[in-house]
Amino acid sequence: MQACLLRAPAPVETNPLDFTDVPRPDPGPGQVLVRVHACGVCRTDLHVVEGELAPRRSPVIPGHQVVGVVERPAEGFAAGTRVGIAWLHRTDGTCEYCRAGQENLCDDAAFTGWTVDGGYAEYALADARFLYRIPEGFADLHAAPLLCAGIIGFRSLRLSGIRRGGRLGLYGFGGAAHVAIQVARHWGAEVYAVTRDERHRRLARELGAVWAGGSHDVPPAKLDSAIIFAPAGELVIAALKALKKGGTVALGGIHMSPIPPIDYALLYHERVVRSVANNTRQDGEDFLRVAAEIPIHTEVQVFPLEAANQALNALKNDAIRGAAVLQITP
Ligand SMILES: [Zn+2]
Ligand SMILES: [Zn+2]
């Protein structure tokens with residue numbers, strides 16, 4: 001099969017993904033072989049490719065927002081069933097976190113496109129217990145960004161504590177934020193977007209943000225909650241400055257540049273800073289249901305599989321409106 005292989009992490013400007021032929025994987029017990037139709041391109045892929053996340057499998061096929069169909073009947077899935085593979089590939093099910101319903105924090109989890117091969121390929125393997133059924137209303141290309149940008153954005157919204165009628169700040173306005181804003185507005189929240197790129201500010205306004213400003217602008221109203229999707233630690237300070245007493249800043253990314261020292265007065269009055277790590281399957285199921293209800297519309301910029309390096313470069317340069325998606329089979 002054709003796939004994009006990362007042999008060693010390197011800056012994306014050097015086009016480190018090798019578009020090549022590799023053997024098609026064989027499903028083992030509990031696994032399902034998926035013929036990939038589309039795979040979303042996430043900032044986490046950029047962190048894997050550039051080595052900010054240390055290699056856990058090498059070479060590796062990146063990609064963890066995989067939409068495709070079950071190739072042959074397995075594990076109760078009929079051939080042709082449309083499914084999604086997300087970042088949380090498998091957990092041990094036995095550690096203290098799994099037993100406490102916090103499988104997103106599992107001590108021994110596998111992650112798609114990092115510790116096991118992902119979806120920048122014509123075929124991918126999934127653990128049957130971690131497969132999602134994709135709601136019918138979404139075309140493959142538009143469904144792909146729901147699987148990480150959408151699900152992690154949704155968990156971030158939950159952990160941010162935003163309530164109906166509350167004011168929410170979104171820092172960074174890429175794939176995750178452009179989905180999260182649609183859920184937040186569905187919940188009746190007022191959204192303020194902070195992002196350095198004018199095209200992203202325009203998209204935020206189109207999607208109903210009441211205000212959109214640059215990284216040095218301060219939202220015109222105090223926020224109940226904020227979510228930081230951009231990997232820039234200094235935004236934690238900016239968000240705390242914009243936050244009401246008792247408010248929460250949720251950090252939606254897996255990697256962030258160092259957070260500058262925080263003046264205690266910024267944190268005092270019970271403000272909370274918390275990270276968001278992975279998601280539970282329940283988050284995924286809940287999100288996909290809400291996404292179909294709303295329904296969420298994802299803006300996608302489509303690249304062929306062989307242009308995965310280009311897609312990652314565009315993502316790094318803020319040049320993607322909404323989410324980038326690789327189209328793998330028509
Ligand atoms: Zn576990
Ligand atoms: Zn992701």
Side-chain angles (χ1 to χ4, degrees), residues 4 6 12 17 30 36 38-50 52-53 56 60-67 84-120 124 126-127 129-130 132 142-157 159 172-180 227-231 250-256 275-284 287-288 291 296 298 300-301 308 311-312 314-316 320 322-326:
C4 285
L6 178 71
V12 286
L17 292 177
V36 182
C39 185
V41 177
C42 173
R43 186 164 289 278
T44 299
D45 301 339
L46 199 53
H47 296 318
V48 168
V49 169
E50 298 204 307
E52 282 141 343
L53 296 183
R56 294 271 299 271
V60 68
I61 300 170
H64 57 269
Q65 305 186 87
V66 189
V67 175
I85 312 172
W87 171 246
L88 189 64
H89 193 85
R90 184 176 61 238
T91 58
D92 59 13
T94 56
C95 74
E96 61 173 305
Y97 300 101
C98 284
R99 282 186 280 118
Q102 296 176 294
E103 64 183 1
N104 60 303
L105 302 179
C106 177
D107 278 333
D108 193 19
F111 298 102
T112 313
W114 183 31
T115 68
V116 298
D117 283 335
Y120 288 16
D127 184 306
R129 296 163 303 170
F130 287 80
Y132 295 96
H142 290 276
L146 301 176
L147 288 163
C148 180
I151 295 174
I152 297 293
F154 185 69
R155 185 171 175 87
S156 302
L157 281 168
L159 296 191
F173 206 86
H178 102 288
V179 176
I227 304 173
I228 301 183
F229 290 116
L251 315 181
I254 193 168
H255 169 83
M256 184 178 251
S275 66
V276 178
N278 315 313
N279 63 277
T280 64
R281 280 170 282 182
Q282 192 65 50
D283 291 323
F287 168 67
L288 289 173
I296 296 277
T298 56
V300 297
Q301 207 165 313
L312 287 166
L315 179 63
K316 189 174 182 179
I320 302 290
V325 179
L326 303 176

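Owing to the predicted nature of the structure, the values given are computational and were not obtained by experimental measurement. Counting convention: from 1, in listed order, for ligands and their atoms alike.
The Zn ion (ligand 2) lies at the vertex of an angle of 130° between the SG atom of Cys148 and the SG atom of Cys42 (rounded to 10°). Between Cys98 atom SG and Cys95 atom SG, the angle centred on the Zn ion (ligand 1) amounts to 120° (nearest 10°).
Between the side chain of Asp117 and the main chain of Ile61, a donor-acceptor pair closer than 3.5 Å is present.
Nearest N, O or S atom of Asp92 to the Zn ion (ligand 1): atom OD1.
The aromatic rings of Phe154 and Phe287 lie tilted to each other, with the angle between the two planes from 30° to 60°.
For the pair Arg281 and Phe130, the cation-pi test (distance below 6.0 Å, angle within 45°) is passed.
The closest side-chain heavy-atom distance from Tyr120 to Val41 is below 4.5 Å.
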